[in-house]
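Notes follow once the structure below has been shown.
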Amino acid sequence: VKYAGPDDVARRLRSEIAGWKDTAQAANIRAD
Amino acid sequence: MKVLGQSIGRRAALAAAATAAWSGARPALAQSRFPSRAVSIVVPIPAGGGTDYAARLISAPMGTLLGQPVVVENRPGGNDVIGLMHVARSQPDGHTLLMGYCGTMAGRAAIGGTGGVSTTEDFVPIGQVSDTPQLFVVHPSLPVNNMQELIAYTKANPDKVSYASAGNGSMHHLGTELLKSRTGMDMLHVPYRGTGETIGDLIAGRVQFYMNSPPPLVSLVRDGKVRALCVSSNERHPGLPDVPSAVENGLRDLPLNVWFALYAPKAVPADVRRKSPRRWSRPCPTRASGSGRSRPARW
């Protein structure tokens, strides 16, 4: 079992927010 | 392998100093008392989904190691904002934690759907609990057995196939939209409040396609109530050896892994953050993929 620590989680979160922003803009998704 | 807790000693000391400087004497008080009572893991999503499962999976061993009960507290509503706000505004002493999943923390944030809460600024991560591919399933009435057949079917029957999600910004929503953009599939989005609510309509055939982490879906696949098409990863899932991979279905490098991580309010003392993962992470073998240390998603 291997773990992702706090720094890994924080880094991944920032990366994924940026990635999903692109997807959301392309699909015209907004908060409901 | 870098085990959580071993790498943060110096940073934790610096963070502790910074935290103390920022919030006065409160950290010292909290440090001496953690855990002095039951620890609550808030799940901002209704019971029955992957986030709820992740929280319940770790609650018992975490409680044993902390010497205090660890209770799972579902606080759904407002597309997860109710639970986020509850934890963000709670006393930052380590007794109120958040089980965050990528849909809440990243997906909702990406569309500006977290109300007045910032998932990057109002919380600090303690550690990742699970990182798993998603399972793609359809209702058995749909005449498809793999993703290529589903893609062809939705193109030939526009507006006839719908997919379920746990609301705008959830991983089911953004992930399926990403899948649609990559494949040209035509499916209608039907948002629900959570996986538990979704399952009923999925097995009744009122929605036809759904992606989620395996735990809520595995029993449905085994009972024939839904048909598994593939997992979202390039390789097969060790827990689902009979289910083909995305690559076997003509899809590669889908950034659709779902992760769950434990968070605390931002001002929680560093020693409490450090204490928690050291004491509960080791006996919680919750990583399903077995693929090693987490890496940033591939976009």
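Just so it is clear: chains get the letters A, B, ... in the order the sequence lines come, proteins before strands, and each one is counted from 1. The structure displayed is predicted, hence computed values, not measured ones.
No more than 12 heavy atoms of other residues, nucleotides or ligands lie within 6.0 Å of NZ in A/K21, so this atom counts as exposed by the packing criterion. Around OH of B/Y53, the count of heavy atoms belonging to other residues, nucleotides or ligands within 6.0 Å does not exceed 12.
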Does the pair B/Y263 and A/V9 meet the rule for a side-chain contact (heavy atoms from CB on, under 4.5 Å), with working shown? CA-CA 10 Å; B/Y263 285 83; A/V9 174; 3.3 Å; yes
Where do B/N257 and A/R12 land on the side-chain contact (heavy atoms from CB on, under 4.5 Å) test, with the steps shown first? CA-CA 12 Å; B/N257 264 31; A/R12 183 173 185 176; 3.8 Å; yes
Do B/T119 and A/I17 pass the side-chain contact (heavy atoms from CB on, under 4.5 Å) test, and can you show the C-alpha distance, the side-chain angles, and the key distance before you say yes or no? CA-CA 10 Å; B/T119 59; A/I17 289 173; 4.0 Å; yes
Might you work through the side-chain contact (heavy atoms from CB on, under 4.5 Å) test for A/D8 and B/Q128, ending with a clear yes or no? CA-CA 8 Å; A/D8 299 305; B/Q128 184 174 285; over 6 Å; no
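Residues passing the side chain to side chain contact (heavy atoms under 4.5 Å, CB included) test with A/R30, sequence neighbours excluded: A/N28. The ring pair (Phe, Tyr, Trp, His ring centres under 6.0 Å) test applied to B/F260 returns B/Y101, not counting sequence neighbours.
From A/R14, atom CZ reaches atom CE of B/M105 across 12.5 Å, with rounding to the nearest 0.5 Å. Between atom OG1 of residue A/T23 and atom CG of residue B/L174 there is a gap of 6.5 Å, rounded to the nearest 0.5 Å.
Counting heavy-atom pairs closer than 4.5 Å to chain A, the top-ranked of the candidates B/A109, B/G169, B/P125, B/G113 is B/P125.
Contact record, A/A31 with B/N168: C-ND2, 4.3 Å, taken as the closest heavy-atom pair. Of all heavy-atom pairs between A/W20 and B/P255, the closest is CZ2-O, 3.8 Å.
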